[in-house]
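Structure record follows, encoded as structure tokens.
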Amino acid sequence: MKKPKIINKKWLVIFIISLILITFSFLDEQKSIAARTIVLALSLDKIEDEYEVGVQVLKTTGEKQLQYITYFSKGDNVSDILERLSYDTGSKIALCHATVLIVSQDVLNKDNDKAMNFFFEGEVLCNNTMVVTSKQSPREVLAPTLSNGIGSGYYLGQILHNMVGDFGIIPITIKDYFKNKYHIGKCVYLPCVSLENDDGTSYLNITESYVSDGSNGVLLSENATKGLSLVLNKLSNGTLPYQYESSVGELDIVKSKGNIKIEKDSEKAKLEINATLKDNTYVPDKINEELCKEDVDERIKSYIEECYTTCKDAGLDVFYLGQRCYAYGNDLYKDPDYLDKIELELKVNIKMK
């Protein structure tokens with residue numbers, strides 16, 4: 001009696017060849033990854049008719065010490081610049097791990113998103129790469145090493161990734177950037193960073209925002225940025241100060257959300273802020289909740305009104321009222337001057353926990 005064949009010789013040969021090919025493919029892929037320069041943060045500027053791109057990488061120097069190194073190059077298009085940067089760094093650069101892209105205000109207002117489209121449509125960057133602008137040139141913000149020994153660009157990206165749901169700055173990813181561009185009015189808002197120096201110590205200041213529609217832009221103050229956050233962000237963290245008579249303290253934001261409605265046949269936009277707050281000041285006497293809420297109510301309104309007025313005066317629809325008109329079937333958005341015709345009615349509801 002013949003013994004059954006466990007494996008046909010033909011299939012055995014195919015299996016062995018496949019195993020060899022997969023092994024070599026895996027090793028080649030590992031070699032390919034090792035031969036690349038991983039970019040941690042990058043910058044984009046437009047100087048006259050040329051772009052300037054900067055990349056910050058982490059490299060091993062003498063005695064296996066790690067050092068943040070920044071490279072810059074200029075050119076007519078971003079693709080060629082990245083090729084030159086690959087040559088400068090000594091290996092093909094990979095942008096898929098970049099935490100942040102620092103963009104100049106000139107790029108935001110004068111480039112019609114040509115360079116930004118390269119990064120997004122070509123899927124050169126991950127969707128969660130943060131986008132910011134800066135008061136100084138992007139080169140000045142990206143290049144330094146901070147007092148903690150970390151490259152400022154990389155450190156900035158790490159900070160922004162941990163700020164989701166905080167009161168104040170709203171971190172914006174490159175995916176968010178282009179999503180907002182498709183709204184009526186084409187407004188984008190993003191953090192505005194500045195590099196400060198105090199007695200020789202460099203640090204990043206991120207308390208303001210910048211709003212642009214691709215041809216015009218405006219800087220929002222710290223208070224106006226807080227107003228933007230209250231309207232457009234779901235908050236779960238942060239503090240609001242209060243003051244009445246001789247009492248001064250802070251309230252923790254437990255949660256807060258803004259809601260805007262525009263009726264179909266109305267020129268009135270109703271903005272409602274619902275916030276749950278908790279007192280975090282440890283004083284013997286209990287606060288007067290009614291007086292406290294009155295003061296905080298006025299502060300919140302002043303933040304939002306400053307944000308709205310600053311943008312409206314510049315012709316920027318930062319609250320996307322045109323888009324909301326469209327969503328509610330209101331044809332007001334078809335009027336080029338719809339921002340001047342819409343009346344914003346603001347109401348704040350505060351609940352103490």
Side-chain angles (χ1 to χ4, degrees), residues 163-172 176 180 183-185 187-191 207-211 218 220-244 247-263 266-281 287-313 316-328 330 332 338-339 342-353:
M163 289 178 68
V164 179
D166 285 9
F167 177 47
I169 290 295
I170 307 178
I172 295 297
D176 296 328
N180 292 339
H183 288 155
I184 293 169
C187 256
V188 294
Y189 53 89
L190 55 165
T207 57
E208 298 174 313
S209 297
Y210 191 81
V211 182
V218 68
L220 296 181
S221 70
E222 182 175 352
N223 282 345
T225 295
K226 291 177 180 178
L228 181 71
S229 176
L230 284 161
V231 175
L232 297 182
N233 206 11
K234 292 181 181 179
L235 302 177
S236 56
N237 195 16
T239 58
L240 279 163
Y242 68 80
Q243 181 176 357
Y244 61 88
S247 298
V248 178
E250 287 184 334
L251 298 175
D252 284 331
I253 297 175
V254 179
K255 60 181 178 178
S256 176
K257 183 182 178 182
N259 186 33
I260 302 177
K261 292 183 179 179
I262 301 178
E263 295 178 3
S266 173
E267 293 185 352
K268 183 176 290 185
K270 297 182 178 180
L271 167 58
E272 190 170 358
I273 304 295
N274 294 296
T276 301
L277 309 176
K278 181 181 179 181
D279 182 40
N280 70 359
T281 53
I287 63 170
N288 186 318
E289 286 193 0
E290 289 306 313
L291 291 176
C292 178
K293 285 196 288 188
E294 286 179 16
D295 182 77
V296 173
D297 183 292
E298 290 304 313
R299 288 176 188 269
I300 289 176
K301 287 180 177 177
S302 69
Y303 296 157
I304 294 172
E305 286 167 358
E306 181 183 342
C307 175
Y308 180 66
T309 303
T310 301
C311 292
K312 183 179 178 181
D313 290 347
L316 301 171
D317 185 7
V318 72
F319 293 161
Y320 304 113
L321 300 182
Q323 189 68 31
R324 297 178 196 278
C325 284
Y326 173 79
Y328 283 95
N330 190 320
L332 193 59
Y338 69 85
L339 262 184
I342 295 176
E343 179 187 351
L344 187 68
E345 183 181 277
L346 176 57
K347 182 180 180 181
V348 177
N349 302 314
I350 295 174
K351 179 182 177 182
M352 299 293 290
K353 187 175 179 181

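Just so you know, these numbers use all the heavy atoms, side chains as well, and skip hydrogens, waters and symmetry mates.
- By the side-chain hydrogen bond (donor to acceptor under 3.5 Å, both in side chains) test, Thr225 is found to be paired with Ser209, residues two or more places apart in sequence or in another chain being considered.
- Taking the side chain as every heavy atom from C-beta outward, Ile184 and Tyr338 approach each other to under 4.5 Å.
- Take Lys301 and apply the side-chain hydrogen bond (donor to acceptor under 3.5 Å, both in side chains) test, not counting sequence neighbours, and it matches Asp297.
- The side-chain heavy atoms of Leu235 and Ser229, taken from C-beta on, include a pair separated by under 4.5 Å.
- For Arg299, the salt bridge (charged side-chain N to carboxylate O under 4.0 Å, His left out) partners at least two apart in sequence or on another chain are Asp295.
- A heavy-atom distance below 4.5 Å is not found between the side chains of Val248 and Tyr242.
- The salt bridge (charged side-chain N to carboxylate O under 4.0 Å, His left out) test applied to Glu263 returns Lys270, not counting sequence neighbours.
- Across all their heavy atoms, Leu332 and Asn330 have their closest contact at N-OD1, 2.9 Å.
- Side-chain contact between Leu271 and Ile304 is present, with heavy atoms from C-beta onward closer than 4.5 Å.
- Phe167 is not listed as a side-chain neighbour of Asn237, based on a closest heavy-atom distance of 4.5 Å or more.
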Exercise answer: donor-acceptor pairs, residues 344-353 side-chain atoms, under 3.5 Å, sequence neighbours excluded:
from, atom 1, to, atom 2, distance (Å)
Glu345, OE1, Lys268, NZ, 3.4
Asn349, ND2, Glu272, OE2, 2.5
Asn349, ND2, Asn274, OD1, 2.8

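- Across Ile273 and Ser256, no two heavy atoms sit closer than the pair CG2-OG, 4.0 Å.
- Residues passing the salt bridge (charged side-chain N to carboxylate O under 4.0 Å, His left out) test with Glu208, sequence neighbours excluded: Lys135.
- Taking Tyr320 as the reference, His183 meet the ring pair (Phe, Tyr, Trp, His ring centres under 6.0 Å) condition, with sequence neighbours excluded.
- Taking 4.5 Å as the limit, some side-chain heavy atom of Leu339 sits within range of a side-chain heavy atom of Leu321.
- Under the side-chain hydrogen bond (donor to acceptor under 3.5 Å, both in side chains) criterion, Asn259 pairs with no residue at all, not counting sequence neighbours.
- The side-chain contact (heavy atoms from CB on, under 4.5 Å) search around Ser221 returns Asn223, Ala224, Glu306, not counting sequence neighbours.
- Taking the side chain as every heavy atom from C-beta outward, Tyr210 and Val188 never approach each other to under 4.5 Å.
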Given side chain to side chain contact (heavy atoms under 4.5 Å, CB included), test Val318 with Leu228 step by step and report yes or no.
CA-CA 8 Å; Val318 72; Leu228 181 71; 3.4 Å; yes
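- Looking at heavy atoms from C-beta onward, Ile170 lies out of side-chain contact with Pro191 at the 4.5 angstrom threshold.
- In this structure, Lys257 places its NZ atom where only 12 or fewer heavy-atom neighbours from other residues, nucleotides or ligands lie under 6.0 Å away.
- Phe319 pairs by the ring pair (Phe, Tyr, Trp, His ring centres under 6.0 Å) definition with Tyr308, not counting sequence neighbours.
- Lys234 is linked by a salt bridge (charged side-chain N to carboxylate O under 4.0 Å, His left out) to nothing, counting only residues two or more places apart in sequence or in another chain.
- Listed by chain and residue number, Tyr333 satisfy the ring pair (Phe, Tyr, Trp, His ring centres under 6.0 Å) test with Tyr326 (two or more places apart in sequence, or in another chain).
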